[in-house]
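Heads up, the thing below is written out as structure tokens.
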2 protein chains.
Amino acid sequence: MRKRDTVRRTTAKEVAAAAGVSKWTVIRAFTPGSSITEESKRRVMEAAAALNYSPNLLARSLATNSTRQVAVFVDDFRNPQKLPFLETLTERLQAAGLVVMLININNHFDHVHALLHADQRQVDAVILFGTAFRDETLADRKLGHGMPPMFVLARDSQIEGVPAVVCDAELALREIVDHLHEKGYRRPGFMSGATALSTALRRRQHFTDFWAEKGVDKIELLSAEKYSAEAGATSVHEYLSRTAPAERVDVLMCENDILALGAMDEIRGKFGLRVPEDIAIVGFDNYELGGSSAYSLTTYEQPRFEMVEAIIGMIVGTTEAETVTLPGKMIIRNST
Amino acid sequence: MRKRDTVRRTTAKEVAAAAGVSKWTVIRAFTPGSSITEESKRRVMEAAAALNYSPNLLARSLATNSTRQVAVFVDDFRNPQKLPFLETLTERLQAAGLVVMLININNHFDHVHALLHADQRQVDAVILFGTAFRDETLADRKLGHGMPPMFVLARDSQIEGVPAVVCDAELALREIVDHLHEKGYRRPGFMSGATALSTALRRRQHFTDFWAEKGVDKIELLSAEKYSAEAGATSVHEYLSRTAPAERVDVLMCENDILALGAMDEIRGKFGLRVPEDIAIVGFDNYELGGSSAYSLTTYEQPRFEMVEAIIGMIVGTTEAETVTLPGKMIIRNST
DNA sequence: CACCTGCTTGCACCCGGTAGCAAGACTTTT
DNA sequence: AAAAGTCTTGCTACCGGGTGCAAGCAGGTG
């Protein structure tokens, strides 16, 4: 590793010497609310500006036991939805004086590794951003009890004492089903991606429950291999191939927009069917491309900003740390 | 800020007391290659395991003047291409024992702020990942000369002494033009996004140059407002509306896949034209959705892995720090 | 003018490691 | 058995700040 010892940063001690005060006075000048005369502060600031001094946050963190760094764990970079969330997360955390340490959870660097690492780096909090974190992981004996506080973002928390911030799936699916019912659809289908995820299962469950309330019990269940346009296309292809036109669903809700876009392309391109006339499509996440006129996909937007604000509130301690469920927003377009 | 003082991490001194040695012996047990007997090491490790000790990287960083943290600046989260790059960056950096500090450059947190912050945090390097960083910024008098080493990723470096790692645009455009010429296209068009970016201009320039070499001098230039499917659609819509069918281009190269997808949808959906029969389309970046059967977009893939490896090589010092241009890969599909 | 009060300032010590020296223990050589 | 050499171990000093206490100094009061 190339070290940075070529040009050393100036220290409080050096500024002190230049300003003719002690290093503690320099530190006070940089500590809001500490007792120091205007005169000394001015002299210190002048010397600091001349020497290009700024406090070393590493040393401060060591002394104060607070790094103002938040580790964000991500284990699936395939979902384009991660990007706007990362944007909001970094932006809001930076506004709160915090900074993001982005950790890629993968086969070579699992949750236990990552947690130990985050702990060694003394992060103030860990955000599990949609990662498949299981309870057992925490039971790992290598993990002591001094771990940094953890929060789950955009996924249910599987872990006792770890709060989650999620979009209200019940409300979302109720709104969606209400809308579809109102539009006259009666033969609904649901396409899932990973059926092992609780968040995914919950959406499907609400979908079937609310249709049941409306007297519709038959829900066609499709499943895609993974969350990709190709998988969505394959899944709907398989379904349409084996189902006679009269038997087909009149509306297909896909677990997220990527699946929906893939399905839509397949329905129109390969089968020559019209959306929404032959089959209506609904997605989830309001992914940008879905808004273009070619797709005009009806979807549901998670309250990104509010979710991020909520999690930050808990991290900085202005809000009590407990699971929060926030309402999102239905985006009705031409695909339904 | 909620502090972590509830459960303090155990320190080397505490382990030392438990193991009946001095704290320096404990540290040696955790420092590969230092002189320590098997016996002492075993005792230390036992005590450490019992007390759940691991070295505090903050303190280590302070003492060694090396944090093994790399700041990554991103200023445009709209480009979906960022996500796979972030995945590769985090993965490879973690494999090299480094960790990513993700900084969002925006109106409230500009390059100067971010650099000062990164410097205060003592990062080992700064990666300007496709950000619009200009030379003048560095001239800011607040920026001293002890700044961390900087590297530009996926964009030309505008700054003296700051190396860049980029995809070879000349080679890429040559391959693309060769391919199109061979396929028999003779009336090419080029759609740009932001015309202010040197990287963008360069692609366009090579495109026109190589066509000129083949005796084709007339290049239709379209321009989109920004890099979005909608903007691509709008741009191509405007072009097709004002151009008689006989006058139209037979192939349109778009500066990136997002523009290409938007353009393709518009060409097919709104104008009822066929791709590639009426107009062929080429993109850039090999964005996942372009590979789906509905689009089957011919495009060009940047050598993500190699680019990231190259930049890491420079950061850790195994490679000399100088601008590197790497060859990408042409992906020929059905849109040409 | 002595005394009290309150704000400034300097100081010793601390955060949890690292570097390099020197003393101690143990081994090998003569 | 003494001298020389090697490996271990502890120690001092240091990285660059933060904390709480006590001394220094000003102004106001009796």
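Here is how names work: the chains are called A, B, and so on, in the same order as the sequence lines, proteins then strands, and each is numbered from 1.
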- prompt: Checking all strands, does B:F30 fall into the base, sugar-phosphate, or nothing category for heavy-atom contacts under 4.0 angstrom?
  reply: nothing
message: What's B:K23 touching, base or sugar-phosphate or nothing? Going by heavy atoms closer than 4.0 Å.
response: base
Separation of [X] atom [atom1] from [N] atom [atom2], in whole Å?
| X | N | atom1 | atom2 | result |
| --- | --- | --- | --- | --- |
| A:K13 | C:dG10 | NZ | P | 15 Å |
| B:L62 | C:dT18 | CG | C1' | 10 Å |
| A:N56 | D:dG18 | CG | P | 9 Å |
| A:L58 | D:dG18 | CG | P | 12 Å |
| A:I27 | C:dG10 | CD1 | P | 12 Å |
| A:N65 | D:dG18 | CG | P | 14 Å |
| B:L57 | C:dC15 | CG | C1' | 15 Å |
| A:D119 | C:dG16 | CG | C1' | 14 Å |

- request: State, with a plain yes or no, whether a side-chain heavy atom of B:R9 is found less than 4.5 Å away from one of A:Q120.
  value: yes
pair B:L58-B:L62: side-chain heavy atoms closer than 4.5 Å: no
message: Between the base of C:dT8 and the side chain of A:W24, is there a donor and acceptor pair under 3.5 angstrom?
response: no
- prompt: Partners of B:L115 by side-chain contact (heavy atoms from CB on, under 4.5 Å), sequence neighbours excluded?
  reply: B:F73, B:V126, B:F133, B:L138, B:L143, B:M147, B:M150
Set of side-chain contact (heavy atoms from CB on, under 4.5 Å) partners for B:E39, sequence neighbours left out: B:T37, B:R42, B:R43
field: Contact list for residues 87-104 of chain B, test side chain to side chain donor-acceptor pair (under 3.5 Å), sequence neighbours left out
entry: A:T90-B:N104, A:N104-B:T90, B:T88-B:R304, B:R92-B:E309, B:N104-B:N106
message: So, using side chain to side chain donor-acceptor pair (under 3.5 Å) as the criterion, who are the partners of A:T31 when residues are at least two apart?
response: none
query: So, B:K82 and B:D76, do they make that salt bridge, N to O below 4.0 Å?
result: no
query: Does a side-chain N-to-carboxylate-O contact under 4.0 Å join B:R8 and B:E14?
result: yes
query: Any side-chain N or O of A:R60 under 4.0 Å from OP1/OP2 of D:dG17?
result: no
- request: Considering just the side-chain nitrogens and oxygens of B:R9, establish if one lies under 4.0 Å of OP1 or OP2 belonging to C:dC15.
  value: no
- request: Return the angle between end axes of the helix from C:dC1-D:dG30 to C:dT30-D:dA1, with five pairs used per end and rounding to 10°.
  value: 60°
task: Taking all non-hydrogen atoms of both residues into account, name the closest pair between B:A164 and B:D156 and its distance.
output: CB-C, 4.3 Å
Could you list, one pair per line, each protein nitrogen or oxygen that sits under 3.5 Å from a nitrogen or oxygen of nucleotides 5-9 of chain D, together with the distance?
residue, atom, partner, partner atom, Å
D:dT9, OP1, B:T37, OG1, 3.3
D:dT9, OP1, B:S40, OG, 2.5
D:dT9, OP2, B:T37, N, 3.4
D:dT9, OP2, B:S40, OG, 3.3

